[in-house]
Enquirer: 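I have a structure here, written as structure tokens, and I will follow up with some questions on it.
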Amino acid sequence: MQQNVNLNKSRIKQSIEEHKQIITALEERDVNAVLAVMSKHIDNSGKYWARYLS
């Protein structure tokens, strides 16, 4: 599978931004924000990686 994965630069940038948002929400101890950004990140990641599993 690794040979067939072509990482999209825009997805990498988006993922990094999502991780920054997760860290910020954790630092602020904002449970609702953590849940929201984690949910968004998992959804976006799932959509991106699903194309390699089909």
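Here the structure is a predicted model, which means the values were calculated and not measured.
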Enquirer: Got a donor-acceptor contact below 3.5 angstrom from the His41 side chain to the Val37 backbone?
Expert: no

Enquirer: Who are the salt bridge (Lys or Arg N to Asp or Glu O under 4.0 Å) partners of Lys47, not counting sequence neighbours?
Expert: Asp43

Enquirer: Would a single hydrophobic cluster contain both Ile12 and Tyr48, if residues Ile, Leu, Val, Met, Phe, Trp and Tyr are joined by side-chain heavy-atom contacts under 4.5 Å?
Expert: yes

Enquirer: Can you measure from CD1 (Ile23) to CD (Gln21) and round to the nearest 0.5 angstrom?
Expert: 10.5 Å

Enquirer: Would you indicate whether the side-chain heavy atoms of Arg11 and Asn44 approach each other to under 4.5 Å?
Expert: yes

Enquirer: Would you compute the distance between atom CD of Glu18 and atom CD1 of Ile22 and round it to the nearest 0.5 angstrom?
Expert: 7.0 Å

Enquirer: Who passes side-chain hydrogen bond (donor to acceptor under 3.5 Å, both in side chains) against Asn8, sequence neighbours left out?
Expert: Ser10

Enquirer: Heavy-atom distance under 4.5 Å between the side chains of Gln14 and Glu17, does that happen here?
Expert: no

